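The structure appears below as structure tokens.
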Number of protein chains: 2
Amino acid sequence: MTTKIKSNANQIRSRKEREGLNIFSRLPAVYAASRTQSRNFLELAGGLSVVEWRTLWDLAEAGPLTIRDLAAIQRADHSLLSRALPEMRKKGYVTMQRDARDGRQTIVELTEQGRAAYDTAAPVMAKRRAALKEVFSDTEIREFAGFLDRLEDFLRVPAEDLLAGQMAQEDTQ
Amino acid sequence: MTTKIKSNANQIRSRKEREGLNIFSRLPAVYAASRTQSRNFLELAGGLSVVEWRTLWDLAEAGPLTIRDLAAIQRADHSLLSRALPEMRKKGYVTMQRDARDGRQTIVELTEQGRAAYDTAAPVMAKRRAALKEVFSDTEIREFAGFLDRLEDFLRVPAEDLLAGQMAQEDTQ
DNA sequence: AAATAATACGTGACAAGTCATATATTTTCT
DNA sequence: AGAAAATATATGACTTGTCACGTATTATTT
């Protein structure tokens with residue numbers, strides 16, 4: 001029975017190793033680790049949530065934006081912002097007002113308090129990016145980002161197209 | 001005012017571009033796209049959820065496993081499995097029984113029905129991986145996985161350590 | 001101008017994931 | 001052996017994210 005247990009342990013280890021090269025199965029863990037580290041940094045930098053930080057950052061960098069713009073910049077679904085923003089308004093970080101020119105749109109703008117929260121968090125988050133730069137060179141970052149670009153392109157090809165034939169993705173070029 | 005709008009559009013575009021090189025802010029979108037594509041593939045391959053698919057795969061490859069083993073292989077929190085498994089048992093995919101040797105552990109085992117669900121999904125999911133291989137060479141996959149390894153190492157360094165000084169991560173080597 | 005289509009946003013329902021805490025069982029220490 | 005520490009699992013509360021659908025507003029067709 002020892003051998004049975006041992007072989008099982010080996011099975012587990014080998015399965016874990018083989019999965020190391022499976023990009024798809026790596027992403028959840030990498031992303032989860034990133035989110036956790038973000039949360040920890042933000043905890044030390046004023047207590048913003050990840051969505052709040054991203055939004056304040058975008059508003060501080062690009063000025064007043066519509067919900068749609070924010071979602072596009074963050075490559076996120078508008079519903080995520082749509083739900084987060086009223087809470088941020090309640091906290092005094094942003095104002096939201098209907099666009100006079102296009103009554104469908106909501107213009108989101110940083111308040112002084114939002115700017116202050118951003119100013120508190122920004123240097124801490126900048127240190128995080130600086131720390132990453134000690135682990136990856138500029139060239140490597142560009143290569144890494146290039147891989148992510150290509151992966152993202154692949155991931156946006158509908159499953160049906162990929163299954164239809166291995167030649168399918170040629171169409172997207 | 002046209003200029004104002006236009007400059008804003010440029011701001012947005014430039015912000016989006018600059019964020020392209022921010023690995024941290026790329027991860028949510030890439031992961032989300034991967035999960036969505038997974039879901040679509042699984043939809044076409046019998047209707048498993050992502051967690052179910054991962055679990056059936058691990059059990060089919062490595063034999064009966066404890067919840068802890070499953071979580072370790074998937075690099076996920078055990079609570080995720082702990083919550084998903086009773087539902088999978090209800091669906092007839094797995095059995096769960098307390099380990100006689102260690103009463104704390106639960107041994108999860110594939111049923112015939114679970115095996116059948118795996119056999120239905122597996123070839124479809126294999127095609128997905130094959131399709132990826134047409135976009136990334138073996139060498140590139142290894143490079144990509146290497147980047148992910150290094151990033152994951154970085155992400156597991158506590159925020160306090162990274163903030164304490166740029167030299168901190170040397171300790172982990 | 002009226003009908004139709006497109007767009008922006010809100011919202012309900014769900015999936016995946018985290019953390020903290022509780023409980024039962026084993027292991028380890030003395 | 002008994003006390004203390006470690007481990008495996010369950011569970012509540014929360015965040016991030018998706019999709020589908022509804023509603024209001026604007027743009028386009030005819």
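Order of the sequence lines fixes the chain letters, A, B, ..., with proteins taken first and strands second; residue numbering starts at 1 for each chain. Bear in mind that the values here come from a model prediction, so they are computed numbers and not experimental data.
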Quick check on DNA chain C: between Ala33(A) and Thr66(A), whose nearest nucleotide comes earlier from the 5' end?
Thr66(A)
Within this structure, what is the CD-to-C1' distance between Gln37(B) and dA15(C), rounded to whole angstrom?
17 Å
Within this structure, what is the CZ-to-C1' distance between Arg101(B) and dT27(C), rounded to whole angstrom?
17 Å
With a sphere of 6.0 Å drawn around NZ of Lys91(B), does it hold more than 12 non-hydrogen atoms of other residues, nucleotides or ligands?
yes
For a side chain to side chain contact (heavy atoms under 4.5 Å, CB included) with Met88(A), tell me which candidate from Leu56(A), Thr95(A), Val51(A), Leu110(A) qualifies.
Leu56(A)
Tyr31(A) or Asp99(A), whichever maps to the more 5' nucleotide of DNA chain D:
Tyr31(A)
Report the distance from atom CG of Leu81(B) to atom P of dT18(C), rounded to the nearest whole Å.
11 Å
Just N and O in the side chain of Ser79(A): are any of them under 4.0 Å from OP1 or OP2 of dC9(C)?
no
Measure CG/Asp77(A) against P/dT11(C) and give the value in whole Å, please.
15 Å
Checking Asp102(B) now: which residues fulfil salt bridge (charged side-chain N to carboxylate O under 4.0 Å, His left out) with it, not counting sequence neighbours?
Arg104(B)
With a strict under 4.0 Å distance from non-hydrogen atoms of chain B, what nucleotide opens and what nucleotide closes the contacted stretch of DNA chain D, reading 5' to 3'?
dA6(D) to dC19(D)
Phe24(B): ring pair (Phe, Tyr, Trp, His ring centres under 6.0 Å) partners, not counting sequence neighbours:
none
Do the two ring centres, one from Tyr118(B) and one from Trp53(B), sit under 6.0 Å apart?
yes
Which is it for Arg115(B) and Glu112(B) under the salt bridge (Lys or Arg N to Asp or Glu O under 4.0 Å) test, yes or no, and what are the steps along the way?
CA-CA 5 Å; Arg115(B) 168 73 63 175; Glu112(B) 277 192 28; over 6 Å; no
Tell me what Leu80(B) touches on the nucleic acid: a base, only sugar-phosphate, or nothing, going by heavy atoms under 4.0 Å.
base
What residues in residues 82-91 of chain A put a non-hydrogen atom under 4.0 Å from any atom of DNA chain C?
Ser82(A), Arg83(A)
Please state how far atom NE2 in His78(B) lies from atom C1' in dA20(C), giving the value in whole angstrom units.
10 Å
OG-CD1 distance between Ser79(B) and Ile67(B), expressed to the nearest 0.5 angstrom
10.5 Å
The answer to which of Met96(B) and Asn40(B) contacts DNA chain D further toward the 5' end, by nearest nucleotide, is Met96(B)
Heavy-atom nearest nucleotide on DNA chain C for Pro28(A) versus Ile107(A): which residue maps closer to 5'?
Ile107(A)
How many Å lie between CD on Glu52(B) and P on dG17(C), as a whole number?
13 Å
What pairs with Arg156(B) under salt bridge (charged side-chain N to carboxylate O under 4.0 Å, His left out), at least two apart in sequence or on another chain?
Glu152(B)
Report the distance from atom CZ of Arg39(B) to atom C1' of dA16(C), rounded to the nearest whole Å.
9 Å
Spell out, yes or no, whether Leu155(B) and Met125(A) are grouped together once hydrophobic residues are joined by side-chain heavy atoms under 4.5 Å, including indirect joins.
yes
Classify the ring geometry of Phe147(B) against Phe144(A): parallel below 30°, tilted from 30° to 60°, perpendicular beyond 60°.
parallel
Just how far is it from atom CD of Glu43(A) to atom OG of Ser38(A), taken to the nearest 0.5 Å?
12.5 Å
Distance-only polar pair, side chains of Asp69(A) and Thr66(A), donor-acceptor under 3.5 Å
yes
Could you list, one pair per line, each protein nitrogen or oxygen that sits under 3.5 Å from a nitrogen or oxygen of nucleotides 2-6 of chain C, together with the distance?
none

For the pair made of CZ in Arg68(A) and P in dA8(C), what is the distance, rounded to whole Å?
4 Å
